[in-house]
Protein chains: 2
Amino acid sequence: MAKRSSSSTEVLLGLLTIEPMSGYDLGQTIRASVGHFWNESYGQIYPNLKKLAAGGFVSSKTERRKGKPDRQVYSITAKGRQRMANWLAVDPQPEIPRNELLLKLFFGAQASSTVLARYVESMADRERAVLGMLDHAQAQIDAQKQYPGSPFWKMVTRFGQLELEAHLQWAEETIVHLDQLNKRTATAGKRKIHAGN
Amino acid sequence: MAKRSSSSTEVLLGLLTIEPMSGYDLGQTIRASVGHFWNESYGQIYPNLKKLAAGGFVSSKTERRKGKPDRQVYSITAKGRQRMANWLAVDPQPEIPRNELLLKLFFGAQASSTVLARYVESMADRERAVLGMLDHAQAQIDAQKQYPGSPFWKMVTRFGQLELEAHLQWAEETIVHLDQLNKRTATAGKRKIHAGN
DNA sequence: AAATGCATGTAACGCGTTACATGATTTT
DNA sequence: AAAATCATGTAACGCGTTACATGCATTT
């Protein structure tokens, strides 16, 4: 069976190169940093951390804190860094797309244009929010003094910005088209009623 | 447990509204029509067709042809069309992104810029090819006389065009940045060697 | 003679989400 | 008093891919 290699463990290793963290922290950090192009659920994070620890790629120590619950803090090991380097040297596999909005639009002749326009609008709303966060992130990277990762972080946020701007432009156009279709079928309906009576 | 609803059956139903087809045909048609935003493997298509038939959403008849192997040809039923309409009336769920290229770039400080540039190049090559197919598809939709689905097909291909153009623009920029980083670390390396000797 | 395409399927496997469980603390 | 957040996990489930199996026809 082919390597599926799904990078769910490597995102953990990668973030641990920046700073030792707990599973919970990793979840939060993923959302905040790579969230716009990668996500990971806790049902994935905790078991994978255990596997990484069992393989010697990370080490863990229990941190006790008065009042607050204990946390398991993980650090990457030399072996873990090596694994990270190996992973980085392998060609990334292209993602297989699955866009349900586009699928429904493709079959849009069987649906209400008004409803479809709503779908496009709410997608645009969602993406506008993400774009705002990316702009903010971009500004922050520029403001804070250079980390070794800074140029790369800029590249990935730039990707998001360009992609989302393209989506938003498309959404604008598409809503206009859908409205026009709606008007046309509405007047066609009226005409039919007139002809029928 | 929440509805996962993954639309794998609906894409089959949807294409069968256009024309009765076999499982094999559906696989080919998916690749050719919605392939740039939706994919489906045969290991998914055949079992799902059986389920749809068992539920009365499609009917099947065996087609015997001299020389060639038999084919099961599926047609959508009234019940199937109703199911399609219901599905279209439900909000599409936003896709969760998983872009491995961006993930590797994000951790690019630990990798070779030359290698990363190669990754970006090959992604651009792949997407340029898809863009070419989309341009061709767009032209075909314009050329052939209006189907009820035509305006919607144009919307989804337009989405792909805008998105891919954004990606390609980003790829150009990014390769330049990566080359600059590469030069800088190369000269920094030289300087070190000079200083050391 | 070998490889590719047509055509239909099944089995195994793993990835990933969702739901559930627990319990303490902080905020509303 | 209730809700949300911190914090860590496990179990169940289903989705989807990959690999395998079969066999005939056509192409190289």
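Everything numeric in this text was worked out from a predicted model, so none of it was measured. First the proteins, then the strands, lettered A, B, ... as listed; each starts at 1.
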* Would you say the side-chain atoms of B:Tyr119 pair up with the backbone N or O of B:Leu105, donor to acceptor, closer than 3.5 Å? -> no
* To do: Give a yes or no on whether A:Phe107 and A:Val120 share a hydrophobic cluster (residues Ile, Leu, Val, Met, Phe, Trp, Tyr; joining criterion: side-chain heavy atoms under 4.5 Å apart).
  => yes
* Could you tell me whether B:Leu26 contacts a base, only the sugar-phosphate backbone, or nothing, with contacts defined as non-hydrogen atoms closer than 4.0 Å? => nothing
* Asked: Which of the following nucleotides, D:dG9, C:dG9, D:dT17, is nearest to the side chain of B:Gln72?
  -> C:dG9
* To do: Choose from C:dT10, D:dG16, C:dG16 the nucleotide whose nearest atom is closest to any side-chain atom of B:Lys50.
  => C:dT10
* Considering only C:dT17, D:dA7, C:dG5, which nucleotide approaches the side chain of A:Tyr24 most closely? -> D:dA7
* Which listed nucleotide (D:dA7, C:dA7, C:dG16) is nearest to the side chain of A:Asp25? -> D:dA7
* **B:Glu40/B:Arg31 ion pair, N-O < 4.0 Å** => no
* Is the shortest side-chain N/O distance from A:Arg98 to OP1 or OP2 of D:dG16 below 4.0 Å? -> yes
* To do: Might you work through the side chain to side chain contact (heavy atoms under 4.5 Å, CB included) test for A:Leu178 and B:Phe152, ending with a clear yes or no?
  => CA-CA 9 Å; A:Leu178 287 169; B:Phe152 301 96; 3.9 Å; yes
* Side-chain donor/acceptor of A:Thr77 to backbone N/O of A:Gly56, under 3.5 Å -> yes
* Between the main-chain N or O of A:Asn48 and the side-chain N or O of A:Thr9, is there a donor-acceptor pair closer than 3.5 Å? -> no
* **Nearest-neighbour nucleotide for the A:Gln44 side chain, D:dT8, C:dT17, C:dT10 considered** => C:dT17
* Candidate nucleotides C:dT18, C:dC6, C:dT10, ranked by approach to the side chain of A:Ser41 - the nearest -> C:dT18
* Measure from CD1 on B:Ile30 to C1' on D:dG16 and round the result to the nearest Å. => 13 Å
When you compare the protein's N or O atoms with those of nucleotides 21-23 of chain D, which come within less than 3.5 Å of each other, and at what distance?
none

* **A:Ser22 side chain, from C-beta outward: closest of C:dT8, D:dT8, C:dC6** => D:dT8
* **Interatomic distance, A:Gln28 CD vs D:dA4 P [rounded to whole Å]** => 16 Å
* Would you please confirm or rule out a distance under 4.0 Å between OP1 or OP2 of C:dT17 and any side-chain N or O of A:Asn39? => yes
* Asked: With under 30° as parallel and over 60° as perpendicular, where do the rings of A:Phe159 and B:Trp170 fit, or are they tilted in between?
  -> perpendicular
* Asked: OP1 or OP2 of D:dG14 less than 4.0 angstrom from a side-chain nitrogen or oxygen of B:Ser6, does that happen here?
  -> no
* When all nucleic acid strands are considered with a 4.0 Å heavy-atom cut-off, which category describes B:Leu49: base, sugar-phosphate, or nothing? -> nothing
* To do: Would you mind classifying the nucleic acid contact of B:Asn48 as base, sugar-phosphate or nothing, using non-hydrogen atoms under 4.0 angstrom?
  => nothing
* Respond yes when some side-chain nitrogen or oxygen of B:Ser8 is under 4.0 Å from OP1 or OP2 of D:dC15, and no when none is. => no
